[in-house]
Each structure stands twice: as C-alpha cells, then as structure tokens.
Amino acid sequence: MSTVRCRIAPSPSGFLHLGTAKMALFNHLFARKMGGTFILRLEDTDAARTEEEFVSAMCEGFKWLGIDWDEGPAFGDEPEKGDYGPYRQSQRRDLHVREGLRLVEEGKAYKCFLTREEIAAEREAARRENRSFHSKWRDASPDEVAAMGDAPHVVRFRVPEGATVIEDLVQGTVRTENREIDDFVILKPNGDPIFHLAVVVDDGMMKITHVIRGDDHLTNAFRHVMLFNALGYDLPRFAHLPMVLDEAGKKYSKRMRGANVLDWRDDGYLPQALINYVALLGWTPEEENRELFTPEELQAHFTPDRWGKSAARFDLKKFNWLNGQHIRMLSVEELLDLVTPILEKAGFDLGGRSRPWLLQLAAMCREKLHTLNDIVAQTDFFFQDITEYEEKPVKKHWRKDDAAERMARLMAAMESVNDWTHDGIKAAYAKLAEETGEGLGKLVHPTRLALTGKSVGPGLFELAELLGKEECLKRMRAGLEYVKSL
RNA sequence: GGCCCUAUCGUCUAGUCUGGCCUAGGACACCGCCCUUUCACGGCGGCGACACGGGUUCAAAUCCCGUUGGGGCUACCA
C-alpha cells in the first residue's frame with residue numbers, strides 16, 4: 001500500500017478560520033498517526049482576495065496551533081518544501097488548463113457556446129421540468145463546433161451515465177444518480193479553471209490518498225470522483241467531517257469573535273487547549289471518559305475511526321474549563337512567561353519585581369485561572385493602589401459596630417509579625433483568633449478587603465507575604481480610616 | 001423546488017454496524033453537601049435525553065418506512 005498523503009487546502013482570504021483549523025488538525029493527526037505526509041496547499045486562485053498579508057496571518061495561525069506540514073509553499077516565513085510543487089494553486093494554472101483541454105480532446109468534456117441568456121432560459125426550463133441542466137453543445141458535431149471558431153465559450157464536463165458511489169470514511173456509503181448532476185463548467189470563458197477541476201488535478205498530481213475536509217463538500221465529491229475517473233487518476237479515499245457551529249448552532253461566521261484562531265490567543269487561551277477541544281468536537285477517544293490530552297497524547301491516542309458525523313457547537317463554558325485544566329498542567333515558569341506580557345499590557349510595572357517574586361505570584365494564581373487574561377483581575381492590587389472597595393464585602397465585614405475595633409486588633413497582630421511569610425502571618429492570625437475566640441474567617445475577610453479591595457482572590461497569607469509588611473500595614477491603616485468614616 | 005448528509009441530557013458525547021448486559025454511561029454548565037480564610041481546585045450527590053409517528057421482533061436508542069427540525073450542494077465562487 002502506498003503511504004498516506006493528505007492535505008489541507010485553505011484559501012488565504014484573511015486568517016486561519018476555526019473550521020479550517022479543525023480540518024487541518026484532523027488531517028495532521030491522521031497523517032502523523034499513519035506515518036504519512038501532511039501537505040499544505042494554498043488555494044489562492046481568487047487573486048483579488050489574496051494578499052501576502054493574509055498569507056502570513058494564516059501562517060501565524062498554523063504555527064500558534066503547532067500544526068506543521070511536510071510539504072507546502074513558501075508560506076509566511078516558511079520556505080517551500082516538497083517534491084510535488086508548486087503548492088500554490090495560482091502557480092498551477094497551466095496544469096489545470098492542460099488537463100481540462102485533454103478532457104475535451106478525449107471527448108470527456110466539450111466546448112459550450114451557450115450565451116448567458118440561453119443558460120438562464122435552460123436552467124429555468126430544467127427546473128420547471130424537474131430535470132438537470134442540458135446544453136445543446138453536448139451533442140454538437142465537430143463541424144458545428146468548428147464553425148464557432150474562437151467565439152466565447154466555456155468548457156463543460158460531460159457527466160457520464162450511471163451512478164456515482166462514494167465510500168466515505170465518515171458518512172459511509174453515499175450514492176447519487178449521475179443524471180442529478182449538471183454538466184458543470186471546468187474552464188471559464190477566459191480560460192481559467194474552475195475550483196472543481198483545480199482541486200482534482202492538484203489532488204491527483206500530488207498523489208493525495210485521503211481527502212479529509214468539511215462535509216460542505218460532500219455533494220461536490222460526486223463531481224470530483226467523476227473527474228478523477230475521467231482524468232485517469234487514482235481515486236483517493238474521502239472523509240467528510242462535520243463543520244464547527246457557534247453556540248447558537250449556526251455556522252461559525254467569519255465575523256464572529258473566535259472565528260480567527262488567533263482571537264483565542266489574544267483572549268488568553270492556550271493553543272494546546274484549543275487543539276484538545278477542537279479534536280473533541282468530532283472525535284471520541286477509545287479510552288472512555290477521558291477528555292484531557294496534551295498535543296503529544298492526542299497524537300498517540302488519535303484513532304482514524306471514531307469520527308463523529310454530526311455537526312457540533314463550540315461551547316465556551318466547556319472550553320474555559322478545559323483551558324483551565326491545561327493551565328494547571330503548566331509549570332510555574334511556563335505560566336509566568338506566558339503571563340508576563342499580559343501583565344505588562346495591562347499597564348502593570350513589573351520592572352522592580354524579582355523573578356522569585358513573580359514566580360510566587362504566578363504560582364498563587366495557577367489554580368484559579370480559566371484564561372491567562374484572568375491573571376489581571378487576580379493580581380491588579382499588587383500593582384496599583386486601592387481606590388475603592390467592593391460594596392458587598394464592605395457591607396458584610398465593615399459595616400459592623402465592632403469593625404473598627406477589629407481592624408485595629410488585626411493591625412496590631414500584623415505589626416507584631418517578625419517572620420513575614422505565609423506561615424508567620426498565618427500563625428499570628430491563628431493566635432489572635434484563639435485569643436478572641438473568633439473564627440479565622442472573621443479576621444481574614446476584613447483583612448482581604450483592606451489589602452485587595454475585593455472579596456475574592458489568592459490566598460490571603462501568601463498574598464500578604466508578597467505584598468510586604470510595610471505595604472500591608474499601610475493598606476490596613478487606609479482601611480481602618482475608611483471603616484471609621486462609614 | 002431537486003438531490004445529498006444529519007438527529008441521544010441545555011451543550012459535547014458513549015451506546016447504534018454485530019437488537020437483550022441501557023430502569024441509557026461520562027464531561028461541561030446548573031443546584032446541594034463536604035473540604036476550605038474567599039474564589040477557584042478537589043470529593044460526593046442531584047437535575048437532565050433516545051425528535052415525532054408507524055412498523056419488524058419474544059425483545060428496539062439500536063433494524064425498516066414516513067414526518068419534522070438542522071446543515072450542505074444545486075455558479076462563468078472557493
């Protein structure tokens with residue numbers, strides 16, 4: 001058996017779409033699992049929509065996700081590689097045209113001189129009579145064709161008699177009567193190839209063995225199979241995967257946030273989490289009840305069967321959870337490196353902070369993050385003064401008759417701490433709790449409010465240690481003043 | 001309109017091919033309890049689905065037919 005060759009063939013019209021990323025991932029995983037070759041081909045035939053800027057944006061998307069390819073064009077800052085080039089469809093036009101014309105010579109396609117008006121009329125008639133479109137040029141004699149000379153025309157594929165059957169790896173056996181399919185155009189009046197011809201010529205000449213793509217191409221596959229046969233290429237296996245839907249169950253619109261995979265990077269998600277989540281949207285692991293996979297594990301466990309056939313919605317809640325799981329698998333060092341630019345972007349001055357201090361900061365947040373960006377709300381009080389206190393905890397902890405008194409006691413306890421560490425501070429608080437007979441919570445909450453302005457955040461004692469004794473006392477003093485003013 | 005694909009908890013899904021082990025399993029979300037200085041994490045429990053209607057069968061989520069919902073294709077787009 002020949003070794004597996006599969007491909008992703010995106011149209012570089014702006015950025016790497018989430019749906020394209022899913023198809024790329026499944027192709028990539030499949031190729032890796034089967035020890036095959038994964039090919040990247042740019043379908044940039046629509047020259048008007050293709051700009052180099054778009055190409056490199058798309059390349060960035062692939063790289064962020066960690067999807068690498070064995071053969072492909074010069075792409076972003078990647079050089080061209082592979083022996084089946086060129087890998088840009090626009091550079092293969094001569095090949096497409098040559099093969100299209102070959103079909104005409106072999107009688108498998110024909111020149112059609114129908115005018116726009118004639119086409120419209122025939123189309124309407126066909127629809128009315130519930131039959132497929134028919135061009136009178138299909139049966140024209142060589143003399144009739146010759147008589148037309150160079151008059152404007154398209155080249156249509158002569159759809160053969162019979163039926164076409166696809167043994168789809170995902171959808172199973174799919175069949176259609178060929179009479180359902182019109183003689184479709186393969187070469188435009190200006191000589192340009194049409195998509196269907198171009199993909200088949202490219203897939204055929206690149207010796208693609210497995211065409212794994214979105215199920216929006218399922219019915220196109222009938223045309224493709226006929227073209228493969230007419231051109232005499234080896235027929236690849238097909239796998240038409242369901243597409244990714246948004247949370248409303250609609251097609252994931254280009255304009256929606258998240259359509260661009262790099263949106264997720266900007267929103268604080270990890271590429272390995274996105275890969276993991278998207279893989280789960282259409283694939284179930286053999287190992288039941290397992291969902292968490294690193295990219296390496298995914299490759300090891302990926303099974304070419306067990307592909308779902310119905311469309312799946314992108315559920316942000318679940319993705320948030322999964323992203324949190326992946327964040328927890330990061331080392332503190334890795335997390336800090338990822339989070340540093342985010343903190344800087346938030347305007348926090350990290351200049352004076354030591355590496356150990358920052359590592360502690362990252363460590364205390366790791367278990368609490370769903371996205372990397374959550375770090376900002378978790379740690380902002382370290383980098384800026386408290387300008388206001390959350391209303392709810394103020395009401396709960398400070399609008400009490402004994403609040404001021406308690407705050408004063410807490411300050412005194414703090415002041416007495418010599419060993420300003422998590423343990424040292426905690427010990428002082430525990431001691432105070434014991435003396436006054438109050439629960440530790442009664443002491444912790446008002447303190448947290450003074451130090452952070454909020455009711456939620458990292459553990460109080462570790463946070464206090466990082467903040468420093470002096471700063472803590474300063475904030476306690478300010479808190480006490482505030483309590484008195486109530 | 002025609003053709004093709006699809007349909008299990010709110011969401012992602014296991015189970016469907018090879019009918020009985022399914023009074024339908026897991027995950028996210030939600031609710032409750034526990035752990036706990038808060039949140040989060042973790043543990044325990046709860047809520048919650050075989051789209052509908054006909055068959056076939058001793059027996060159907062599983063097989064067949066129909067209906068309905070969703071998606072796609074039907075271009076001188078890709």
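Residue numbers start from 1 in every chain, and the chains themselves are labelled A, B, ... in the order their sequence lines are given, proteins ahead of strands. Note that the coordinates shown come from a computational prediction; the quantities given were computed from them, not determined experimentally.
Spacing between atom CG of Leu245(A) and atom P of rG69(B) amounts to 18 Å, rounded to whole angstrom units. Counting to the nearest Å, the P atom of rG15(B) and the CG atom of Asp305(A) are 10 Å from each other. We find that CE of Met243(A) is positioned 15 Å from P of rC12(B), with the value rounded to whole Å. What separates CG of Asn323(A) from C1' of rA29(B) is a distance of 17 Å, to the nearest Å. In this structure, His370(A) places its NE2 atom 7 Å from C1' of rA40(B), rounding to the nearest Å. Protein atom CZ of Arg156(A) is 10 Å distant from nucleotide atom C1' of rA75(B), rounded to whole Å.
Checked against the 6.0 Å centroid criterion, the rings of Phe184(A) and Phe133(A) do not qualify as a close aromatic pair. Taking the six-membered ring for Trp, Tyr233(A) and His224(A) have ring centres at least 6.0 Å apart. Residues Phe113(A) and Trp137(A) place their aromatic rings such that the two centres sit under 6.0 Å apart. Aromatic ring centres of Tyr277(A) and Tyr269(A): separated by at least 6.0 Å. Aromatic rings of Phe26(A) and Trp283(A) (six-membered ring for Trp) have centroids beyond the 6.0 Å cut-off, not under it.
Residue contacts for Arg290(A): at a heavy-atom cut-off of 4.0 Å it reaches no nucleic acid atom on any strand shown. Within 4.0 Å of Gly191(A), counting heavy atoms only, lies no atom of the nucleic acid at all. Within the nucleic acid shown, Arg223(A) comes within 4.0 Å of sugar-phosphate atoms alone, with no base atom in reach, counting heavy atoms only. As judged by a 4.0 angstrom heavy-atom cut-off over every strand, Gln89(A) is placed among residues touching the sugar-phosphate backbone only. Across all strands, Asp182(A) comes closer than 4.0 Å only to sugar-phosphate atoms, never to a base (heavy-atom distances). If you check every strand for non-hydrogen atoms under 4.0 Å, Tyr277(A) touches nothing. Within the nucleic acid shown, Ser455(A) comes within 4.0 Å of at least one base atom, counting heavy atoms only. At the heavy-atom level, Pro242(A) lies nowhere under 4.0 Å from the strands shown. Residue contacts for His196(A): at a heavy-atom cut-off of 4.0 Å it reaches a base atom on one of the strands shown. Glu287(A) comes within contact range of no nucleotide atom at all, as no heavy-atom separation falls under 4.0 Å.
Here, rG66(B) and rC47(B) have their P atoms 38 Å apart, quoted to the whole Å. For the C1' atoms, the distance from rA60(B) to rC22(B) is 11 Å, rounded to whole Å. Atom name P, nucleotides rC41(B) and rA59(B): the rounded distance is 48 Å, in whole Å. Nucleotides rU68(B) and rC77(B) place their C1' atoms 32 Å apart, quoted to the nearest Å. For the C1' atom pair drawn from rC21(B) and rC4(B), the interatomic distance equals 37 Å after rounding to whole Å. Rounded to a whole angstrom, the distance from the C1' atom of rU16(B) to that of rA61(B) is 7 Å. Comparing rU8(B) with rG70(B), their P atoms are spaced 15 Å from each other, to the whole Å. Between the P atoms of rC52(B) and rA24(B), the separation comes to 16 Å (whole Å).
The side chain of Leu440(A) sits closest to rU37(B) out of rC3(B), rC77(B), rU37(B). In the set rC5(B), rU11(B), rC76(B), the nucleotide with an atom closest to the side chain of Lys188(A) is rC76(B). Closest to the side chain of Leu218(A), out of rU37(B), rC5(B), rC76(B), is rC5(B). Comparing rA29(B), rC5(B), rC76(B) by their nearest atom to the side chain of Gln171(A) picks out rC5(B). Side-chain atoms of Phe195(A) lie closest to rA78(B) of the nucleotides rC5(B), rA78(B), rU37(B). Listed nucleotides rA78(B), rA27(B), rU37(B) differ in distance to Asn220(A); the shortest reach to its side chain belongs to rA78(B). For Arg127(A), the side-chain atoms get nearest to rG1(B) when compared with the rest of rC4(B), rG1(B), rU38(B). Closest contact between the side chain of Val456(A) and the listed nucleotides rU13(B), rC3(B), rU38(B) involves rU38(B). Here rC4(B) is the nucleotide among rC76(B), rU6(B), rC4(B) with the atom lying nearest to any side-chain atom of Val174(A). The side chain of Arg448(A) lies closest to rU38(B), out of rU38(B), rC73(B), rG1(B).
For Lys318(A) against rA27(B), a side-chain N or O and a base N or O form a donor-acceptor pair under 3.5 Å.
Under the 30°/60° scheme for interplanar angles, the aromatic rings of His17(A) and Tyr252(A) are found to stand perpendicular.
Mapping Gly459(A) and Pro10(A) onto RNA chain B via the closest heavy atom, the residue that lands nearer the 5' end is Gly459(A). In terms of position along RNA chain B, the nucleotide closest to Glu367(A) lies nearer the 5' end than the nucleotide closest to the other residue of the pair Glu367(A) and Val185(A).
Between Thr284(A) and rA14(B), a side-chain N or O to OP1/OP2 separation shorter than 4.0 Å is present. Phosphate proximity of rC76(B) to Arg123(A): present, with a side-chain N or O under 4.0 Å from OP1 or OP2. For Lys309(A) and rU6(B), the shortest distance from a side-chain N or O to OP1 or OP2 is below 4.0 Å. The side chain of Arg306(A) places no N or O atom within less than 4.0 Å of a non-bridging phosphate oxygen (OP1 or OP2) of rU16(B). Close to rG71(B), at under 4.0 Å from its OP1 or OP2, lies a side-chain N or O of Lys250(A).
Asp380(A) and Lys454(A) are joined by a salt bridge, as a carboxylate oxygen and a charged side-chain nitrogen come within less than 4.0 angstrom of each other. Ion pairing between a basic and an acidic side chain is recognised when a charged N comes within 4.0 Å of a carboxylate O; Arg131(A) and Glu122(A) show such pairing.
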